[in-house]
Amino acid sequence: MKPACRSIATALLFAAGTLSYGQLQGSKPDTTPVNHPVPAIQDTETPAQRDARMQWWREARFGMFIHWGLYSIPAGTWNGQRTTHIGEWIMNDLSIPVADYKALAKDFNPTGFSAHDIVALAKSAGMKYIVITSKHHDGFAMFDSKADPFNIVAATPFKRDPLRELAEECRKQGIKLGFYYSQAQDWTAPGGAAAVRGDHNKDTGHWDKAQDGSFDDYLHNKSIPQIKELLENYKEFPVVVWFDTPTRAMMPERAAEIVTLLNQHPNLIWNNRLGGTYKGDTETPEQYIPPQGFPGRDWEACMTINDTWGFKSFDTNFKSTETLLRNLIDIASKGGNYLLNIGPDSKGIVPAPEAERLRQMGQWLSVNGESIYNTQATIFDEPTGSFSETEKDKSGKPKFVPTWNWRSTTGPNKVYIQIFQWPNGAFHLNKMPRKVTGAYLLADKAHKPLKFTQTGDSLDVQLPAKALDPIATVLVLNTPN
C-alpha cells in the first residue's frame with residue numbers, strides 16, 4: 001500500500017470549522033476529457049455497458065484484501081530494529097540491501113497456508129470477493145511467474161502457487177478473485193521505481209546500487225510480462241486488478257502499454273492507481289471513509305483491521321468488531337465498497353484476532369446483509385459528522401469526526417435504517433422523501449409490523465424498548481414505487 005494516509009481523495013477533507021455534511025453532498029466528478037495515447041474501456045463504453053460491467057461489484061459491497069509476502073518473515077523487525085511503519089514497507093523503511101532481502105526467499109515455506117480456509121473465512125465474513133497481493137513493492141511474486149525467477153515457486157522451498165490454489169477455491173466456494181500488482185515500484189528489480197523517502201536517492205528513491213537500471217527495461221521485461229501472466233493464466237480470474245503507487249515513472253505512454261493489455265479483458269475492473277492520467281473504475285480512499293463518499297463515482301475504501309497491511313508480530317492494535325461493522329455500514333450508506341485487509345504470517349496463517357472479528361461480522365451480516373448487499377446510497381441528506389475546529393488528520397487538515405446515531409441504505413422498494421444509538425420510544429425522521437407503507441425490524445424473523453405515523457415530510461416509527469442487536473439494529477421501511 002501507499003505510505004501512511006496518502007490518498008487521491010484527500011481534497012474532500014479541505015473544509016474547515018464545524019461545518020456538517022450529509023452523504024448526498026459533494027462535488028461532481030471531473031468530466032474533463034483526457035486524450036490518452038491508448039483509450040481505455042472507460043473512455044469508450046456507454047453508461048449502460050459500464051453499469052453491466054460494474055454490476056456484480058456494486059452489489060458485493062464487502063471484500064477481503066490480503067497482503068502477504070516475504071515481509072511476513074521479518075514481521076516488522078530487522079536486525080533487532082522495529083519498523084514504526086507498515087510491515088510490507090520494511091525493506092524500504094530500513095534500507096535493507098537487495099541481496100539480504102532476496103535471501104529471505106530460501107526461508108519462506110508457508111506450510112500453514114490453506115486456500116480453502118482463507119476463502120471459507122471470507123465467505124463466513126460475508127465477503128463477496130478477494131483481492132490478494134500478487135507482487136508488492138518488494139518485487140517478490142506470489143505466483144508462478146516465468147517472466148522473473150524471484151517468485152514463490154522458483155525461489156522458495158514451498159514450490160506452490162497460492163494464487164492458483166485460491167482461484168480453484170474461489171471457483172468452488174462462489175467467491176470472486178482479484179489481484180493486486182505493484183506496476184511501478186519494485187525494490188529488487190534493476191530499474192524498478194521506488195518512492196523517494198528518507199535519505200534515499202532523491203531522483204530514483206534507490207538506496208542500493210543493485211536497484212539501478214532502466215525503468216523501461218523493468219517495465220518491458222518484468223512488469224508488463226507479469227501482468228500478462230496474471231491476466232491469462234487463471235481462467236476467469238482476475239475480475240479485479242488493483243494497481244498501486246504509480247510514481248512519476250508511470251507516464252501516459254507507459255501506462256498506455258498496460259492499458260493495451262487490460263483492454264483485451266473487457267469485463268475487468270481496475271482502480272485509479274495505474275497512473276498516466278487513467279482514472280480507472282474505482283476511487284480508492286485508504287484508511288479513511290470520505291465524508292460524502294464519491295457522488296457519481298464507484299469507490300472502495302481499503303482499510304486494515306489493526307494498523308498494518310503486511311504482518312507485524314507486535315501490532316496488536318486490532319479494531320473492535322463494532323468499529324469494523326460501523327465502517328461497513330457507513331461505507332455502504334455512501335454508496336461504496338469496504339475492502340478489509342488480513343495479513344497472514346510467514347506460515348500462511350491468518351492472525352486469530354483478525355479471523356475472529358471477520359466471523360463476528362459475518363454473524364451480523366447473516367441476519368442483516370439484506371441492508372448492505374445490492375443497496376444504494378442513502379436518500380437522506382442528514383449530517384453524519386462534522387469537521388473539528390481543533391483536531392487535525394495526519395495530513396494536517398481538519399479532522400472529520402463522524403457521529404454514530406444511524407445510517408441508511410436504499411433498495412428499490414425499501415429503505416434500511418441501521419440504528420446504532422437506540423432511541424427511547426420512537427425513531428424520528430424530519431424528512432422522509434418516500435411514502436412509507438410498512439415498517440419492521442430486519443432481525444425480527446416474524447417481521448412483526450411496527451406502528452408508524454407519517455405526517456407531511458416527517459415520520460415516527462414506534463420501536464420496542466430494547467435493540468435486537470448490540471451494534472446495529474436495522475429498521476426496514478417499505479416504500480413501494
Side-chain angles (χ1 to χ4, degrees), residues 4-27 61-62 283-295 297 299-307 317-341 357 360-361 364-365 368 371-372 375-410 415-423 427-431 467 469-475:
C5 294
R6 272 200 279 160
S7 173
I8 292 171
T10 51
L12 283 173
L13 298 181
F14 279 24
T18 56
L19 183 63
S20 296
Y21 282 90
Q23 294 132 301
L24 297 183
Q25 296 175 335
S27 59
R61 286 293 175 243
F62 192 25
E283 299 295 320
T284 54
E286 184 172 327
Q287 296 287 45
Y288 79 98
I289 302 169
Q292 300 96 15
F294 287 86
R297 281 283 284 173
W299 65 280
E300 175 183 68
C302 54
M303 304 178 84
T304 54
I305 295 179
N306 51 2
D307 294 327
N317 189 31
F318 298 103
K319 299 172 184 68
S320 66
T321 302
E322 179 179 38
T323 294
L324 298 173
L325 275 172
R326 282 183 172 183
N327 286 346
L328 173 63
I329 294 165
D330 192 25
I331 290 164
S333 77
K334 297 168 183 175
N337 283 18
Y338 190 23
L339 190 61
L340 184 59
N341 186 73
R357 284 156 175 77
Q360 290 170 349
M361 294 181 76
W364 186 89
L365 283 164
N368 300 288
S371 73
I372 301 295
T375 60
Q376 296 181 335
T378 182
I379 59 173
F380 302 108
D381 199 8
E382 292 282 336
T384 62
S386 62
F387 287 97
S388 173
E389 292 183 329
T390 57
E391 290 187 87
K392 305 292 184 183
D393 63 20
K394 291 184 179 180
S395 63
K397 305 297 186 298
K399 182 179 181 180
F400 185 78
V401 181
T403 54
W404 296 107
N405 298 320
W406 58 275
R407 295 292 188 275
S408 177
T409 53
T410 311
V415 171
Y416 302 96
I417 310 288
Q418 296 90 2
I419 303 174
F420 306 120
Q421 299 293 331
W422 198 246
F427 179 80
H428 175 76
L429 288 170
N430 288 322
K431 187 174 182 179
D469 187 277
I471 295 176
T473 298
V474 181
L475 169 64

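Being a predicted model, the structure only gives us computed values, none of them experimental.
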More than 12 heavy atoms of other groups within 6.0 Å of Lys392 NZ: yes

Among Asn341, Leu324, Thr321, Asn317, side-chain contact (heavy atoms from CB on, under 4.5 Å) partner for Ile305: Leu324

Residues forming a ring pair (Phe, Tyr, Trp, His ring centres under 6.0 Å) with Phe318, sequence neighbours excluded: none

Worked verdict on Asp330 versus Gln418 for side chain to side chain contact (heavy atoms under 4.5 Å, CB included): CA-CA 9 Å; Asp330 192 25; Gln418 296 90 2; over 6 Å; no

Those residues that, when tested against Asn327, pass side-chain contact (heavy atoms from CB on, under 4.5 Å) (two or more places apart): Ile289, Met303, Thr323, Tyr338

All salt bridge (Lys or Arg N to Asp or Glu O under 4.0 Å) counterparts of Lys399, not counting sequence neighbours: Glu391

Ala301 versus Ile331, closest heavy-atom pair with distance: CB-CD1, 3.7 Å

Ile329 to Ala472 - nearest heavy-atom pair and separation: CD1-CB, 3.8 Å

Close side-chain approach of Phe380 to Ile417, heavy-atom, < 4.5 Å: yes

Sequence-distant partners of Pro402, side-chain contact (heavy atoms from CB on, under 4.5 Å), two or more places apart: Phe400, Trp404, Arg407

pair Phe427-Leu475: side-chain heavy atoms closer than 4.5 Å: yes

Set of residues satisfying side-chain hydrogen bond (donor to acceptor under 3.5 Å, both in side chains) with respect to Asn306, sequence neighbours excluded: none

Pairwise side-chain contact, Thr384 with Lys334, heavy-atom cut-off 4.5 Å (strictly under): yes

Thr375: side-chain contact (heavy atoms from CB on, under 4.5 Å) partners, not counting sequence neighbours: Arg61, Thr409, Tyr416

